[in-house]
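These notes concern the structure reproduced below.
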Amino acid sequence: MRSWTITNGPATRKLAQDFYRELRVFMLDAARRPDRYHFFKADLRRVNLKRFPYHFLFRVVGDCVRLLVVRHHRRHPDYGLERE
């Protein structure tokens with residue numbers, strides 16, 4: 001992401017930084033409080049970003065949180081689910 005934003009100007013760089021910052025905040029929150037987020041399918045939980053039309057799916061494995069996929073809301077619901 002960093003190399004792409006460097007060549008596409010400061011506005012794009014700022015947007016990419018904002019996206020990454022928001023994603024990181026939600027990822028850390030999911031790691032601290034995974035039960036706060038609703039189930040998507042089986043043992044997968046879904047976290048929606050607030051500012052961007054993206055979400056990520058994760059599952060709790062033991063005492064860890066495993067992130068499976070970050071995807072746009074318009075992606076097919078099965079996109080990325082083949083990952084373990």
Side-chain angles (χ1 to χ4, degrees):
M1 181 162 64
R2 182 180 299 262
S3 64
W4 185 85
T5 58
I6 289 171
T7 61
N8 288 295
T12 304
R13 191 173 313 131
K14 169 85 169 83
L15 191 62
Q17 290 169 346
D18 291 350
F19 176 81
Y20 178 73
R21 188 175 299 118
E22 184 172 328
L23 179 63
R24 184 161 170 74
V25 165
F26 277 100
M27 290 166 78
L28 291 171
D29 190 55
R32 280 191 297 268
R33 303 180 299 172
D35 293 340
R36 180 174 184 226
Y37 299 98
H38 69 276
F39 284 102
F40 174 70
K41 284 186 178 179
D43 63 339
L44 294 179
R45 293 178 182 266
R46 177 178 167 150
V47 179
N48 295 317
L49 301 185
K50 292 207 181 289
R51 182 174 169 200
F52 300 92
Y54 284 82
H55 61 273
F56 64 88
L57 302 176
F58 72 94
R59 71 170 37 111
V60 177
V61 180
D63 61 346
C64 297
V65 169
R66 180 175 294 158
L67 181 74
L68 272 81
V69 64
V70 176
R71 62 186 184 189
H72 192 276
H73 289 328
R74 291 192 177 181
R75 276 287 192 175
H76 189 277
D78 292 335
Y79 177 80
L81 295 184
E82 69 280 355
R83 299 175 184 153
E84 294 185 25

In Å, rounded to the nearest 0.5 Å, how long is the span from NE2 of His38 to CG of Leu44? 11.0 Å
Anything under 30° is parallel, anything over 60° is perpendicular, the rest tilted; go ahead and classify His55 against His73. parallel
In terms of hydrophobic clustering (I, L, V, M, F, W, Y; side-chain heavy atoms under 4.5 Å; direct or indirect links), are Phe52 and Phe56 co-clustered? yes
Any chance you could measure Tyr54, atom OH, to Asn48, atom CG, to the nearest 0.5 Å? 13.5 Å
Mind checking whether Leu28 and Val69 sit in one hydrophobic cluster, side chains of I, L, V, M, F, W, Y counted as touching below 4.5 Å? no
Rounded to the nearest 0.5 Å, the CZ atom of Arg46 sits from the CZ atom of Arg71 at a distance of 6.5 Å
Considering non-hydrogen atoms only, spot the tightest contact between Ala30 and Val65 and give its length. O-CG2, 3.7 Å
Supply the atom-to-atom distance Tyr20 OH to Met27 CE, rounded to the nearest 0.5 angstrom. 7.5 Å
Within the structure provided, determine whether Leu23 and Leu49 are in side-chain contact (heavy-atom separation under 4.5 Å). yes
Pair Asp35-Arg45, side chain to side chain contact (heavy atoms under 4.5 Å, CB included): steps then yes or no: CA-CA 9 Å; Asp35 293 340; Arg45 293 178 182 266; 3.4 Å; yes
Here the gap from Phe58 atom CZ to Phe26 atom CZ, rounded to the nearest 0.5 Å, amounts to 12.0 Å
Quick check for you: to the nearest 0.5 Å, what is the distance between Thr12 atom OG1 and Gln17 atom CD? 11.0 Å
